[in-house]
Student: 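Handing you a structure now.
Throughout, protein chains are lettered first and strands after them, A, B, ... in sequence-line order, and every chain is numbered starting at 1.
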Amino acid sequence: MAFWLFKSEPSTWSWQDQIAKGAAGEVWDGVRNYQARNFMRQMQIGDRGFFYHSQEEKSIIGLVEVIHAAQQDPTTDDPKWQCVTIKALQALPNAVSLYQIKALPALADMVLVRNPRLSVQPVRVEEWRIILEISGLNPPG
DNA sequence: GCCAACGTTGGC
DNA sequence: GCCAACGTTGGC
């Protein structure tokens, strides 16, 4: 199983919106960045992800699961753009802020720190575990 | 194929 | 509101 991070502006698509979709989930559409698309192509059903709010909050606030592999992005007819479907699993007991992440040397190499603009990112398993621990989720996973 | 110009994103 | 970083576009 691989781990990812999905970044969203809460004013456009929020964690609450994602929760509201329930088990059916929602397509992560609208991505027009090759790196982000390529990561989505690598995703498999059952992969886990962080849900991150940019802008004001700048925090990881929830966990999601990939429930459908990459398919045609419904917001365009251009076949080069695909997107996965994700569903909300649970909110983190405590949101983990970008400030907290930057304060930890072990997380200094996170893509979120290195390239905060990338909307879909890979997360290393060590990074995944550390963030879950900070969030108060135990045991991690 | 290179690179300058431009637009977008997101942190501060 | 500003600016740095990044990706894309288009002229050459």
Student: Given atom CH2 of A:Trp81 and atom C1' of C:dG7, what is their separation to the nearest angstrom?
Tutor: 10 Å
Student: Report the distance from atom CG of A:Leu112 to atom P of C:dC6, rounded to the nearest whole Å.
Tutor: 14 Å
Student: Do the charged groups of A:Arg32 and A:Asp73 touch, with an N to O distance under 4.0 Å?
Tutor: yes
Student: Which of these nucleotides, C:dG7, C:dT8, B:dG11, is closest to any side-chain atom of A:Pro116?
Tutor: B:dG11
Student: Contact class for A:Leu118 vs. all strands (heavy atom < 4.0 Å): base, sugar-phosphate, or nothing?
Tutor: nothing
Student: Please verify the inter-ring angle class for A:Trp128 with A:Phe50; under 30° counts as parallel, over 60° as perpendicular, anything in between as tilted.
Tutor: parallel
Student: Counting only N and O atoms by type, is there a donor-acceptor contact under 3.5 Å from the side chain of A:Thr76 to the main-chain atoms of A:Asp78?
Tutor: yes
Student: Between B:dC12, C:dT8, C:dG7, spot the one nearest the side chain of A:Gln35, thanks.
Tutor: C:dG7
Student: Taking atom P of B:dT9 as reference, at what distance in whole Å does atom CD of A:Glu9 sit?
Tutor: 7 Å
Student: Between A:Asn38 (CG) and C:dG7 (P), how many Å, whole number?
Tutor: 12 Å
Student: Would one find a side-chain N or O of A:Lys102 under 4.0 angstrom from OP1 or OP2 of B:dC12?
Tutor: yes
Student: Check the angle between the aromatic planes of A:Trp4 and A:Phe39 and answer parallel, tilted or perpendicular using the 30° and 60° thresholds.
Tutor: tilted
Student: Rounded to whole Å, please give me the gap between CD1 in A:Ile101 and P in B:dG11.
Tutor: 10 Å
Student: Classify the nucleic acid contact of A:Tyr99 as base, sugar-phosphate or nothing, counting any heavy atom under 4.0 Å across all strands shown.
Tutor: nothing
Student: Rounded off to whole Å, could you give me the NZ-to-C1' distance for the A:Lys80 and C:dG7 pair?
Tutor: 13 Å
Student: If the cut-off is 4.0 Å, is A:Tyr52 near the phosphate of B:dG11, judged by side-chain N/O to OP1 or OP2?
Tutor: yes
Student: What's the closest nucleotide to the side chain of A:Arg117 if the choices are C:dA5, C:dG7, B:dG11?
Tutor: C:dA5
Student: CZ of A:Arg32 versus C1' of C:dT9: gap in Å, rounded?
Tutor: 17 Å
Student: Using atom NE2 of A:His53 as one end and atom C1' of B:dT9 as the other, report the distance to the nearest whole Å.
Tutor: 16 Å
Student: Count I, L, V, M, F, W, Y as connected when their side-chain heavy atoms are under 4.5 Å apart, and connections chain through other members. Are A:Leu137 and A:Met1 then in the same cluster?
Tutor: yes
